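Not measured: the values here are computed from a predicted model.
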Amino acid sequence: MAEKVSTLIIEANLECEKCYKKIQKVLCKLQEKEKIRTINFDTKKNMVTVSGPFDPVKLSKKLRCKACKAIKDIKIVEEKKPDAKKPEEKKPEEKKPAADGCKCCCKKPDE
């Protein structure tokens, strides 16, 4: 029987170097242990796509624990069935002004 391939989409501030390295380090350490096959970083959309034959709920909990503040959101992508076709609703993306750091790990003292 073929293994079911799961996909996680992680939203994070990849423009922040500390957040990027934190997520990269955690995923590299978990890659072999959790059977992660592919890791794709999309810095323009601030998303990391992870896929492989792993338990998505278990991996998302581990990621939240290990990379805590660097991760904004984790979505579990379920395999789409060809019979159930639904039009996807697109949300307008909020554009935030670029700052010297992100609020999660690059806090600067008040001046």
Student: Mind checking whether Lys4 and Pro53 have side chains closer than 4.5 Å, heavy atoms only?
Tutor: no
Student: Say you draw a straight line from OG of Ser6 to NZ of Lys35; how long is it, rounded to the nearest 0.5 Å?
Tutor: 11.5 Å
Student: Nearest 0.5 Å please: distance from the NZ atom of Lys18 over to the NZ atom of Lys21.
Tutor: 10.5 Å
Student: Do you know the tightest heavy-atom contact between Lys29 and Lys33?
Tutor: O-CB, 4.5 Å
Student: Check step by step if side chain to side chain contact (heavy atoms under 4.5 Å, CB included) holds for Glu15 and Thr43.
Tutor: CA-CA 7 Å; Glu15 293 170 358; Thr43 53; 5.9 Å; no
Student: Under 4.5 Å between side-chain heavy atoms, hopping through other hydrophobics if needed: is there a path connecting Ile39 to Val5?
Tutor: no
Student: Ion pair present between Glu11 and Lys75, side-chain N to carboxylate O less than 4.0 angstrom?
Tutor: yes
Student: Any heavy-atom pair between the side chains of Ile23 and Phe41 that's under 4.5 Å?
Tutor: yes
Student: Flag the pair Val26 / Lys62 as yes when at least one side-chain heavy-atom distance between them is below 4.5 Å, and no otherwise.
Tutor: no
Student: May I ask you to test the Asn40-Met47 pair for a side-chain heavy-atom distance under 4.5 Å?
Tutor: no
Student: To the nearest 0.5 Å, tell me how far Ile71 CD1 sits from Asn13 CG.
Tutor: 12.5 Å
Student: Salt bridge or not for Lys61 and Asp55, using N-O below 4.0 Å?
Tutor: no
Student: Applying a strict under-4.5 Å side-chain criterion to I, L, V, M, F, W and Y, I'd like to know whether Val57 and Leu59 cluster together.
Tutor: yes
Student: Which one of Val48, Ile36, Leu63 satisfies the side chain to side chain contact (heavy atoms under 4.5 Å, CB included) criterion with Leu8?
Tutor: Leu63
Student: Within the side chain of Ser60, is there an N or O that forms a donor-acceptor pair under 3.5 Å with the backbone of Ile74?
Tutor: no
Student: Is there side-chain contact between Val50 and Leu27, with heavy atoms separated by less than 4.5 Å?
Tutor: yes
Student: Determine whether a donor-acceptor pair (N or O, by modelled atom type, separation under 3.5 Å) exists between the side chain of Asn46 and the backbone of Leu14.
Tutor: yes
Student: Is the closest side-chain heavy-atom distance between Lys66 and Lys22 below 4.5 Å?
Tutor: no
Student: Between Glu34 and Lys58, does a side chain to side chain contact (heavy atoms under 4.5 Å, CB included) hold up when you go through it step by step?
Tutor: CA-CA 9 Å; Glu34 295 296 324; Lys58 182 180 171 185; 4.3 Å; yes
